[in-house]
Amino acid sequence: MSLLEGEREAIIKHVDEILKNYRNDRENLIPILQEAQERLGYLPGLAMEMISKEINVPAVDVFSLATFYNQFRLNPPGKHQIKVCMGTACYMVGGQIALESFERRLNIKEGETTPDRNFSLERVACVGCCSIAPVVVVDEVIEGKVTPTRVDGLMLSLETEIAREQKEAEATEKRQEKGV
Ligand code: FES
């Protein structure tokens, strides 16, 4: 995933600050990764490379550890976060179908983020609403009984919202250029 404008500088700044607070000891690898994720929202490759060099652990080991633990995310969170429940109740009545519908619609796999960073997609364990399975959580809003048609409807409304925000942002930019 390519970095956004200014993101590289932000990663370097934050990781430098974090590393100053820890001894260069491989025992500190997990707390360092946790803090990096807390500050950056995910673990970019650049951050893992910097950490690997500083504490003298091969980059491949840092990467393996980050992929091993569920708590770490290697892709940036999308502006809109879509979580598909894969608990037993949801799985039994179409959770996988809902997940695949989102994957097709977004052209990404679960665990990934769209290149424009508008959407991220992940599978989650039971969210406690089994009576309305299959369940999807979109930006903290719970959607129940989700079918592929409902996936299309949800995506349409999210895309419409993004398009409207982009239009507003462009209009604001134009006004600022004109000094209005
Ligand atoms: S299994 Fe999905 S809400 Fe419980």
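As the structure is a prediction and not an experimental result, all values here were calculated from the model. Whatever order the structure lists them in is the order used to number ligands and atoms, beginning at 1.
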Self-check item: Intermediate values then yes/no, side-chain contact (heavy atoms from CB on, under 4.5 Å), Ile18 and Ile51
Solution: CA-CA 10 Å; Ile18 294 166; Ile51 293 165; over 6 Å; no
Practice problem: Take Ser120 and Arg73 through the side-chain contact (heavy atoms from CB on, under 4.5 Å) test and state the conclusion after the steps. | Solution: CA-CA 11 Å; Ser120 54; Arg73 59 179 309 152; 3.9 Å; yes
Quiz prompt | Verdict with reasoning, Leu4 to Arg117, per side-chain contact (heavy atoms from CB on, under 4.5 Å) | solution = CA-CA 10 Å; Leu4 301 176; Arg117 299 209 188 179; 3.7 Å; yes
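In terms of heavy atoms, Thr113 sits closest to Ile108 at O-CG2, 4.0 Å. Closest approach of Gly95 and Val84 over heavy atoms only: O-CG1, 3.7 Å.
Atoms of ligand 1 found under 4.0 Å from any heavy atom of Cys130, numbered from 1 in the order shown, are 1 (S), 3 (S), 4 (Fe). Residue contact check: Val127 has heavy atoms under 4.0 Å from atoms 3 (S) of ligand 1. Every atom of ligand 1 with a heavy atom of Cys85 under 4.0 Å away is listed here by number and element: 1 (S), 2 (Fe), 3 (S). Against a heavy-atom cut-off of under 4.0 Å, Gly128 is close to the following atoms of ligand 1: 3 (S).
With 2.8 Å as the limit, Cys129 does not count as an N, O or S neighbour of atom 4 (Fe) of ligand 1. Atom 4 (Fe) of ligand 1 lies at 2.8 Å or more from every N, O or S atom belonging to Cys90.
Of the charged side-chain nitrogens involved, none lies within less than 4.0 Å of a carboxylate oxygen, so that Lys178 and Glu173 do not count as a salt-bridged pair.
Counting heavy atoms under 4.0 Å from ligand 1, residue Ala89 touches it through both backbone and side chain.
Considering Gly87, Gly144, Ala125, Pro134 only, the shortest heavy-atom separation from atom 1 (S) of ligand 1 involves Gly87.
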